[in-house]
Number of protein chains: 2
Amino acid sequence: MTEQQAVLDMLEILECGGCVEPAHFFTLMRRTFRIAHLLYLEAEPYADELKVCRLHHTFGAYAAEIYRSRGLHRIDPILKLALGGVRPVEWTMARHRFPECEPLFQAAQEIGISTEGVALPLPSPAGRMALLAINVNMSASEWSTYRRHHLRDFQLAANLFHAAMLEHGAMAGSITTRDMRLTGRETEVLTWAAAGKSYWEIATILGISERTVRFFMTNARRKLNVVSNTQAVAQAVRHALIPTV
Amino acid sequence: MTEQQAVLDMLEILECGGCVEPAHFFTLMRRTFRIAHLLYLEAEPYADELKVCRLHHTFGAYAAEIYRSRGLHRIDPILKLALGGVRPVEWTMARHRFPECEPLFQAAQEIGISTEGVALPLPSPAGRMALLAINVNMSASEWSTYRRHHLRDFQLAANLFHAAMLEHGAMAGSITTRDMRLTGRETEVLTWAAAGKSYWEIATILGISERTVRFFMTNARRKLNVVSNTQAVAQAVRHALIPTV
DNA sequence: TGCGTAACTGTCAGTAGCGACAGTTCAAAT
DNA sequence: ATTTGAACTGTCGCTACTGACAGTTACGCA
């Protein structure tokens, strides 16, 4: 059981938080498993687009350029499924369920990238979403067996790596955690605004002046980088910055 | 490798979505692994408290009553750590890091519940949080070895069960089919309003008159039973009535 | 052929939201 | 002891939103 031992050793390294470099993690994964390529994506929802917070992968610059220039992110079903759900997403399954995404898989074949793989959703706190996509160079039947044995390893490894990235990122101060943190009052006024209260009502509820409510709301809008109270509330709800009714 | 086979079989059952009953899942887990007790909790942050959305466990009514009556949730470090993070939380680790939680573990010993176990965070979309706590009846050293081998199984099983619960809950929760179902245009204008667009901008985007945008928005407010666009958007985001991506 | 529903439009008057002006007070951190 | 940040307040003027008035058009279905 040398292979088993190697897997367990790798997982132990990850659990001890000894792997915060994406490149290091990718190397470790490729050494331990029969993996062709890896992709780690951390994003947050934004209006009708996705805002990418972190992106690391081993597909190379050429593949990334193809993906970007052809706008394949618009039809990529793996993004939608993995960033929206909790369940692992099988690439071939996504391909069959969404015929309109054929250009994506054809582009992959063009540049010699296999179309077998799985994407693991890694939901994070505060409304962010992340995924680890794993690409393998195997036949369908081979992959089926391999996946059956190692999906659990992939899932735990992905979770541990993701945890390390989040902890590390919190220190490094990502886009969300530095200037976007709302004060107590800002959260309060947003919460009441989301409950449909007007400035006057909020002022009465909190026992402060209407002007002050506007002050907090303006600060909240500035911090959230939005233009209206409505947008601010949408953002706050999405990012779980205000309590759910 | 009979044990390995049993584990893989169980994970396959879970992956096929063949296990939405918590009691069924718990039985399956206890039959497959050397687990004493299980607890599944789904909650969402509310003000400075936690609002429990779903709670299933095998600890029995007496233990639950002890936990509730003594207010142990206030000092339970596992709740804090597991609902706040992404990394598995070891019970003894939490016990040593938070000396003030001793009453919790003493209560467990009183009623004959082991203090060895692990809690797996299961973050969900939309700011909700969940965890699966696993309690075992082993010595510390025994648990250490067992955990090393099976944490990956626990993690994947927990994720798959959680996914099934979410999917099932989405069905059960969407009994909102009374009059709260929005039409296509209503969804569109709400989406753009959530993106911070004004009536004039939305009208331009959709190629209709500003009055018509107001018409749809008014209908949406009436259907959602709210008084402002801001509240409507908050409600729509919370109930996933408008696309988050 | 009617009936219901979704999509669409116009006008008026009142209220609410929002930006920009210019401040004070208090507690904690450096 | 100075600085930083949160909490707080006032006024002016413009724009956006909201309710209530009163309609038309097109589609599917019984």
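Throughout, protein chains are lettered first and strands after them, A, B, ... in sequence-line order, and every chain is numbered starting at 1.
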Salt bridge (Lys or Arg N to Asp or Glu O under 4.0 Å) pairs, two or more places apart, involving residues 204-217 of chain A: none
Would A:Arg222 and A:Glu186 count as a salt bridge (Lys or Arg N to Asp or Glu O under 4.0 Å) here? Give the steps. CA-CA 11 Å; A:Arg222 190 179 37 74; A:Glu186 283 156 9; 5.6 Å; no
Go through residues 196-206 of chain A and report each residue with a non-hydrogen atom lying under 4.0 Å from DNA chain C, sorted by number. A:Ser198, A:Tyr199
So B:Trp143 and B:Val118, do their side chains get closer than 4.5 Å, heavy atoms only? yes
Any base atoms under 4.0 Å from B:Asn229, or only sugar-phosphate, or nothing? Heavy atoms, all strands. sugar-phosphate
Student check: side-chain heavy atoms of B:Leu72 and B:Ile75 closer than 4.5 Å: yes
For nucleotides 12-14 of chain D, give me every protein contact, N/O to N/O, under 3.5 Å, one pair per line with atom names.
none

All side chain to side chain donor-acceptor pair (under 3.5 Å) counterparts of A:Ser228, not counting sequence neighbours: none
Test side chain to side chain donor-acceptor pair (under 3.5 Å) applied to B:Glu65 - qualifying residues, sequence neighbours left out: B:Arg68
Opening and closing nucleotides of DNA chain C in contact with chain A, under 4.0 Å to non-hydrogen atoms: C:dG17 to C:dA22
Kindly write out the residues that satisfy side chain to side chain donor-acceptor pair (under 3.5 Å) with B:Thr92, not counting sequence neighbours, or none if the list is empty. none
Taking the side chain as every heavy atom from C-beta outward, state whether B:Ile205 and B:Lys197 have any pair of such atoms under 4.5 Å apart. yes
Dump the pairs, protein N or O against N or O of nucleotides 4-7 of chain D, anything under 3.5 Å, distances to one decimal.
{"residue": "D:dA7", "atom": "OP2", "partner": "A:Thr183", "partner atom": "OG1", "Å": "2.6"}

Using side-chain heavy atoms (C-beta onward) and a distance below 4.5 Å, is B:Lys223 in contact with B:Leu182? yes
So, OP1 or OP2 of D:dT18: does either fall under 4.0 Å of a side-chain N or O from B:Arg221? yes
Estimate the overall bend of the helix from C:dT1-D:dA30 to C:dT30-D:dA1 from the end axes over five pairs each, rounded to 10 degrees. 60°
Taking side-chain contact (heavy atoms from CB on, under 4.5 Å) as the criterion, tell me which of B:Leu38, B:Leu39, B:Asn135 meets it with B:His57. B:Leu39
If the condition is side chain to side chain donor-acceptor pair (under 3.5 Å), which residues does B:Thr187 pass it with, not counting sequence neighbours? none
Can you tell me the distance, in whole Å, between the CZ atom of B:Arg222 and the C1' atom of D:dA20? 14 Å
Looking only at atom types and distance, does a side-chain atom of A:Gln231 sit under 3.5 Å from a main-chain N or O of A:Val226, one as donor and one as acceptor? no
Output all residues satisfying ring pair (Phe, Tyr, Trp, His ring centres under 6.0 Å) with A:Phe161, sequence neighbours left out; order by chain, then residue number. A:Phe25, A:Tyr40
Provide the full list of salt bridge (Lys or Arg N to Asp or Glu O under 4.0 Å) pairs with a residue in residues 85-99 of chain A, sequence neighbours left out, each pair given once. A:Arg87-B:Glu167, A:Glu90-A:Arg147, A:Arg95-A:Glu102
Just wondering, do B:Leu131 and B:Leu120 contact through their side chains at under 4.5 Å, heavy atoms? no
